[in-house]
Every structure is written in structure tokens, then in C-alpha cells.
Amino acid sequence: MKQIYFDQLQETVYHHKCDNGLELFILPKKGFNKTYAIFTTNYGSIDNHFKPLNQKDWLKVPDGIAHFLEHKMFEMPDGSDAFQAFGNQGASSNAFTSFTRTAYLFSSTSNVEKNIETLIDFVQTPSFKKESVEKEKGIIGQEIRMYNDTPDWRVYFGLIGNMYHHHPIQIDIAGTIESISHITADLLYDCYRTFYHPSNMMLFIVGPENPDKIMELVVKNQADKSYTDQQPIERKYPKEPEGVSEKSSVIKMGVQTPKSLIGFKERRVHRSGKEFMEHELSVQLLLELMFGKGTENYKSLIEDGLIDETFSFEYTEEYEFGFSAIGGNTEEPERLQNRLKQIIDEYKSGRLDEEAVERARKKRIGGLLRAFNSPEFIANQFTRYYFNKTNLFDLIPVLESLTTESLHKTLHEHFSDEAMTMCAVVKK
Amino acid sequence: MIEKGVENMPYINEQIHEFNGLKVHLIPTDKFKTVTMFLQFCSPLNEKDVTKRALLSYVLKSSTKHSPSAQDLQKRLDDLYGASFASMLSKKGDYHILTLYMTAANERFISGASAKLFDESVKLLSEAVFEPAASDRQFDEKIVEREKRSLRARLESIYDDKMRYASQRLIDEMCQHELYRLHTYGYSEELDQVTADGLFEYYKKMMAEDQVDLYIIGDIQEKQSHILNTIQSALPFDKRQNKTRDIRINFNPVIPNEIKVVKENQDVEQGKLNLGYRTNIIYGDPLYYASQVFNGLFGGFPHSKLFMNVREKESLAYYASSSYESYKGLMIVMSGIEFSNYDKAVDIIKEQLEAVKNGDFTEHDIDQTKALLRNAVLEALDNPASLTDFLYRQVLTGQPVTAENWLHAIDQVRKEDIIKVAEKTTLDTIYFLQGEEAE
């Protein structure tokens, strides 16, 4: 077991790779009551075209299947429900599916070792039955309808849909009521066998625990299971043109307040490691510099009544894609879009203000320290950065090392006219 | 190596100091990388002040005399390593709580930071409260107008969040004749009538009369006397009349005599079904802890009657849960369903309450519920905001509250107590938000 100490944050992470390939990380947290553990597979909604384990032909699966699999994972072979097993042991459990990951988690303040075993065992025991797969369609159908009634979700996916011509990132993570109707138990097994091998997964545990003891438990648990080595997974993504698919779109809904977003599609993808982290932080810092609450731009947008406190910006990057999104509620979607575009153009034609860069950097560091109070943040984000071949605890040093030159370069590369698109939700 | 669960160490170490009109609660702990302050103002809910109070929470967090524009203030916060400063309002029974809160990084984790982050944050908090952007008679009108727009936008956006909208509508209908009906963030149609001097008058009243508590959570063990001195001079609240804030004294039980059904049509895909029950059991009632267990069993957890039957057995919903309003004695059920499943879902929900009344649950179900409640409370102590919320109960009830007592009392709950709670749980109002074509 390797030990890595992060001086600035005064945290130690313990790492071990099991013989079957499972990556295990433990971060002891003194003083906390709860232990949080998250077991994640490097498999999400965009992985819909792949060669199933030991098969020669490519398989394209229905939209929403990774999320569907996450729901059905909780069912055990004897008909019981892993949710209940956790409840019996005083733990609360949950799961989520993103574009690139599916994660199962629990938090508990007692029976931690038992809960860790339950977490690993239930995810490593697939059981999909025809009848219960059909039944789940009703539940997920309501989840889909709930999202369909959520204008923030609709405008966000509308924006992503504008950006991409073919890439599966534009698919709604839960799929549609139509697409999930094609999901079968056999298809779930195909996905499971391909993507849930320990060599494609990692387990992160944070809490007031003894790392040696936990490691021993996990190693033994894995050694007792008969996993054989698996070939690397073959996934296929369509060739995606650099430019956006649509420059703008409008969705009509029964809303009271319209919503508007503009976004930029990152054209250079497949970054990893330090380069990935530097790029992600650079775009985020630039967004703060242009639109942060302390800027004159923000002030004038508020004063002109174009935005309210729902205004926000974000940048999302993974190995296969990257995009920014800026906006919020507004009475004048089109005018807001034009103003945001104008602000970016003006910013690109000016010089970076060193003092403002320093301030934005400080703000981000403080925000990260706040986030490091949260075991959930540490575990989820550590996993995400690890899958992108970098380390969460490098965020502050990398942030401190970003230069104005590299920010300048990213500004002109990411925020280009061809990469821009807009989406609005307006009153029906 | 780390030893778990040191014997005889209390879960929370809270030290209370009183300076004239301010109670300071210090919670030293080294588990966070920040120092967090919550300044809580408590006042009875009041129809004529509710919108003013909401607007005041916006005005105070957005500017001070020395940093009149929101940008100046934000820049100062950013320079303090991204300190955050914000306000929020909450409704606890018939009390309206205005909170100003500030989080600053612990200097220990920042290379080259000045050791003054805490002092500077207190200074800013002090300015926001004692030196707002105002003359001696009224707030800056431009700021008031700007914050009115902000608050109005927030109030109007609730309509687009159907889950929140349905929850609010249920309380509108159910508590129509009680103070509790009042919206936490006020009413947009009243905003126009609030003037810069009227708001200032209300601010003066709040500063003089509200009960004020400050919670400080973080690695403060070694500098307690410095912190207390700093606070005492930065937050000089005048002494005020000590009013007993015991929610039980003013509590009026309501017994519904018939079930009110309200259906509303909107352009939505999913129906939102909310049911409001009265238990009339509030914090301090002998059945309070049994109510917590009842709620967990009825709809609070994944093994609950509602989750198992509405979702797992009948596949009617993605979410089906209950929550217990312990300051008001309400039990609220929420679910999202197909419009056409209304009757079926209502029947199933009613059946679940009957099942609890009939004792149709095992000792094992009770133990599991208790274990999850225990877990929820202990987890809450790992977060500065929920920790404060837990401790603030003491202020609102005038009774000491410790995590140990809470856990012990949950443990003592018996099956017959849970049945008693179920028997006291009476359906008052059903609210259903459905599509435009549905009847």
C-alpha cells in the first residue's frame, strides 16, 4: 500500500491496486462521524457503442441503459434489495450516473466494514430478471417526466444538443420513455460484463478509519472472487466535427421566467493528466474573470435587468468532450445572449488584468478549501480526476502555477465564434 | 494511527458566552478547513413584516457603507481567499429566522496568506450588520430597488420549480388561517410598497428586538479569548428584553374536520401529489421522538411504507416520501405520478398510514429506522450548517439539546408510541398539480 501525503492540505491518501485491477483509495478523516465510500465504474451514458466482452461484433445499446443498469444493480439474486441491506446496517446508500461514470455509494456512522463489503458485493453480483426490468420502466419513466418538467435541465441539454452533431453526450442520461422500452435483461448483462470488471473500477473511502484494516478487508474480499483478467474495453465514438451543429435553438415550455444559455464547445479534446487539469482550471478562471460577481460585467448585467441571482457559469471537461455554459433566468433571452457574446469579444480584445487574475485565483483556492470540508466532494472528485489521469490534490498547486500566457491562449482557443451556440426556454 | 470513537468525548463541544444582546456559541473543532460563522436573528412571523424581512436579508448581504456596490463587497471577499458571505431565511414554526453567514478559509492551509482572514471576515460581517449602506434614516434607494428586483425574480421563479411550487401551494391551502401560511421570502406584490425608509425602520426594530445568536465553527480552540474580544467589540448588540422563545407556548393544535382537496391545472408532464397531515406533535412533546421514528417508517427512508409500496411495488413514482415539520406538527407527503394514477396513489398512501396504525410493522423495521435516524443525526454534525441547525433547536425551545440525549431518546421509542403517533396523524389537505387536459 502506497502512502501519499499532501502537505498543503494536510491529508494523507493510501492507495492499493488489487490483483484483479481494482484501484482502492483510503483517506482517513479524523474527527468526522461518518464514513463515505463510493464505488465507481468508468462507464457512463456516452459509452453506448462497444464490443461486448468476448464478442466480435460491435453493439449499439438503447439510450439510457447505463442509468437503467444503475437502478437495477440494487436488485439481488434472491429478490432482495441492496438498499434494504444498507438500511439494516444503518447506512444510507445511493447511486448516480453521469456522462462518463456510474457510481454506487453509502455513508454510515456504524457497521462501516460490513457496509463496505455490502457495497462491493452488491455491485459485483448482477441479477437482472425480465419481470423486474419491465417494472423498473414505470419508475424511470416518472424520473424522465420529472426532468422533462424541469426547465433548467431542458435548456442545458438543449445547449449540448446544439453543440454536437453525432456525439452521444447529447443523449439525455436517463434516455427517453421510448428508448428505455427497448432495454432487456440480456442487454443489461452485456453492459455489465463489459464495464463492471474490477480493472475498470475504483473504490474511494473517506472517514475516521484505519487504512490498513480497510485495505486488508477489501483485498481479501476481492481475492475470494474468481475474476480473470479482461482485455481492454473497446468503445467507439462517432467522428465529431469541430464546429457546432446548431447556432441557436428555442424550446417552448409553460414557464413564468424564460431561461437562456450560451456555450462553447471545446474543439480540442483527449487531454489527460496535468494538461487536462490546467485546461479545465484555465477555462474556469477565465469564466470567473469575465462573469464573476466581482466584475463590472456582472454589475452592468444586473443593473440592466438582464440577469438575476440564478446567473451562473460552468465548464465541464472529460476525455471525450468539453463545453462551457453561461446564463440563467432572464426576461430577455436574446438580448442576454448578445450581451454575453459582446462581453467575451471585448474581453478577448483587451489585456488580462494581473490583479484580477490573482483575485480570481485566491477566490478559487478558498472555494476549494470549503469544498474539502465535504467527504462527498473529495471522494467523487478524486475519482473523476483519477479517471482523467490526474490527482484532485494537485488542484491548488496547478492553480497557483497557471500563467497569464496560458490563460491568454485558452481564452482565444476555447471562446471562439465557431464554437459558440445559444439555447433559450421561452413561454409557450 | 487513528483511533475511532474516543470514549467519553461528547459529539459536540459548544461553549456559550453572552455579551449584552448577543449570545456567542463557540464550537471548536479541527475537522474543517474553514471557519464558519452563522449570525441568526429570530423574530415571530408577522404578516406585515414578512416581505420587509426578506428584502432586508437581500440588502444586508449585498452592500455595506464602505463597500456600497455589490462588486466592491465581492472583491473584498475574493481577496480574503474566496470568503463567502450570504443570507438566508427560514421558517421554524411561527418564527422567522434571518441568517447571515460567512465562511473563510483557515489560514493554516494557505501558503503565504496573512493570519488575518478571521479578523477581516468579522470586520466585514460587522460592517454588513452595523454599517449598512444607509444614511441615518434610510437605506440607499438604488440598492433597495436593485435588491427588490433580485427578490422578485426569486419569488417568481418558484412557479417554474414544480416540486417547490406544489409544496408551497399545499401549505397555502392547508394553513390558510394560520401564521405558518406566510411565505418565507415574502410576496412579490408587496415589494412595491416597501420604501427605503420603511425598510430602515424595520432594520432598526430587528436590531433592537430580535434574539441574536452567533455560531462560530472551526479550528478556534487556541485563540478563543482573542475571538471573544474581537466579537464583543465588532458586534455590539444592545441588551434587550429577554423573551422566552419556546415554540410550545404559542402552539395551537389544529384538528381537521374534513379533507380539503385542491386540484390545479398547468402545462406539465408529471403530476405532483402532495398530502398534508396534522400530527400536532412538536419538539418538546413526549411523542416527539416517536414522531421521528414514525416518519422514518412511513416515508422517510428507502425501507419505508411509501417508498416500498408507491415506488417499488406499484411502480407509480420515482419519488414518494414524507417529511416531518417538527416545529409545526405536520407530516408532508410528496410524490410525482401520472395524472391518471391520482386515485390509486392517494388510496395507497392512505393505506400505508392505516397499516402503521394497525401495527403492521416489525421490531426489525423499528430497529432499522432507528439506526438510520442515528446515522442521519451523526452525519449532520459533520457539516457546519446542519450542525448549527441542530444546536439552534435549543434557542427555539429553551431546552438543552445534546446529540447524546437525542440518540438515547430515539433508542427508547417503543412500538406502541409509534402507533400513537399514527393515530394522531390526520389528513388535512390534498394538493394535486396536473396537466391542462386532466380533470
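Letters A, B, ... are given to chains in the order of the sequence lines, protein chains preceding strands, and every chain is numbered from 1.
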Contact check, side chains of A:Ile140 and B:Tyr318, non-hydrogen atoms, under 4.5 Å: no
Side chain / backbone / both / neither for A:Asp7 at chain B, heavy atoms under 4.5 Å: neither
Toward chain A, the part of B:Glu379 with a non-hydrogen atom under 4.5 Å: both
Main-chain N/O of A:Gln256 paired to B:Asp160 side chain as donor or acceptor, under 3.5 Å: yes
Heavy-atom contact with chain A under 4.5 Å, split by part of B:Lys272: side chain
Euclidean distance, A:Ile365 CD1 relative to B:Phe109 CZ, rounded to 0.5 Å: 14.0 Å
Under 4.5 Å from any heavy atom of chain A - which part of B:Arg108: both
Taking every non-hydrogen atom, the tightest pair across A:Gly254 and B:Tyr159: O-CE2, 3.7 Å
Test applied, side-chain contact (heavy atoms from CB on, under 4.5 Å); reference residue, A:Arg359; option that passes from B:Gln74, B:Arg76, B:Lys75: B:Lys75
A:Glu131 atom CD, neighbour heavy-atom count above 12 within 6.0 Å: no
N-O pairing of B:Asp267 and A:Lys428 below 4.0 Å: yes
Interface residues of residues 307-316 of chain B facing chain A - heavy atom cut-off under 4.5 Å: B:Phe307, B:Met308, B:Arg311, B:Glu312, B:Lys313, B:Ser315, B:Leu316
Proximity breakdown for A:Glu376 and chain B, heavy-atom pairs closer than 4.5 Å: neither
B:Leu77 portion near chain A, given a 4.5 angstrom heavy-atom threshold: neither
Part of A:Glu11 within contact of chain B (heavy atom distance under 4.5 Å): side chain
Top contributor to chain A interface from B:Ala83, B:Ser84, B:Gly336 [non-hydrogen pairs under 4.5 Å]: B:Ser84
Polar side chain donor-acceptor pair, B:Asn375 to A:Thr109, under 3.5 angstrom: yes
Residues, nucleotides or ligands: over 12 heavy atoms within 6.0 Å of A:Lys114 NZ: no
Other residues, nucleotides, ligands: >12 heavy atoms within 6.0 Å of B:Glu189 CD: yes
Which atom of B:Ser157 lies closest to which atom of A:Asn329, heavy atoms considered: CB-ND2, 3.7 Å
Interatomic spacing from OG1 in A:Thr35 to CG in B:Asp382 - rounded to 0.5 Å: 9.0 Å
Carboxylate-amine/guanidinium contact A:Glu309 B:Arg146, below 4.0 Å: no
Shortest non-hydrogen contact between A:Ala91 and B:Leu372, atoms and distance: O-CD2, 3.1 Å
Donor + acceptor pair across side chains of B:Gln71, A:Glu296 (<3.5 Å): no
Portion of A:Thr295 that has a non-hydrogen atom of chain B nearer than 4.5 angstrom: backbone
Residue, of A:Glu400, A:His71, A:Gln84, that accumulates the most heavy atom pairs under 4.5 Å with chain B: A:Gln84
Donor-acceptor pair, side chain of B:Asp78 and main chain of A:Lys363, under 3.5 angstrom: no
Residue pair B:Phe301 / A:Phe83, side-chain heavy-atom distance below 4.5 Å: no
Main-chain N/O of B:Gly82 paired with A:Arg370 side-chain donor or acceptor, under 3.5 Å: yes
Sequence neighbours excluded - salt bridge (charged side-chain N to carboxylate O under 4.0 Å, His left out) pairs with any residue from residues 139-151 of chain A: A:Arg145-B:Glu269, A:Arg145-B:Glu338
A:Lys362 atom NZ, over 12 foreign heavy atoms within 6.0 Å: yes
Under the side-chain contact (heavy atoms from CB on, under 4.5 Å) test, residues paired with A:Glu354 that sit two or more places apart: A:Thr404
Proximal component of B:Asp79, with respect to chain A [non-hydrogen, under 4.5 Å]: both
Criterion side-chain contact (heavy atoms from CB on, under 4.5 Å) on A:Leu9 and B:Lys33, from CA distance to verdict: CA-CA 8 Å; A:Leu9 291 162; B:Lys33 294 193 158 46; 4.0 Å; yes
A:Thr150 versus chain B, the contacting section by heavy-atom distance below 4.5 Å: neither
Chain A contact via B:Thr103 - side chain, backbone, both or neither, heavy atoms under 4.5 Å: both
Interface moiety of A:Glu358 toward chain B, non-hydrogen atoms closer than 4.5 Å: neither
Test item: B:Lys31 side-chain N/O and A:Phe32 main-chain N/O as donor-acceptor pair under 3.5 Å: no
Test salt bridge (charged side-chain N to carboxylate O under 4.0 Å, His left out) applied to B:Lys148 - qualifying residues, sequence neighbours left out: B:Glu145
Over 12 non-hydrogen atoms of neighbours within 6.0 angstrom of CZ in B:Arg374: no
Any side-chain donor near an acceptor of the partner, A:Asn88 and B:His364, under 3.5 Å: yes
Distance-only polar pair, side chains of A:Asn373 and B:Thr34, donor-acceptor under 3.5 Å: yes
Option in A:Pro375, A:Ser107, A:Pro151 with maximal non-hydrogen atom pairs under 4.5 Å from chain B: A:Ser107
Candidate pair A:Met146 and B:Lys162, rule side-chain contact (heavy atoms from CB on, under 4.5 Å), full reasoning: CA-CA 9 Å; A:Met146 181 176 84; B:Lys162 299 307 176 194; over 6 Å; no
Which portion of B:Tyr58 sits near chain A, non-hydrogen atoms under 4.5 angstrom: side chain
A:Gly90 to B:Ala371 - nearest heavy-atom pair and separation: CA-CB, 3.7 Å
Short side-chain to backbone donor-acceptor contact, B:Gln270 and A:Gln142, under 3.5 Å: yes
N/O donor-acceptor pair under 3.5 Å between A:Asp308 side chain and B:Ser150 backbone: no
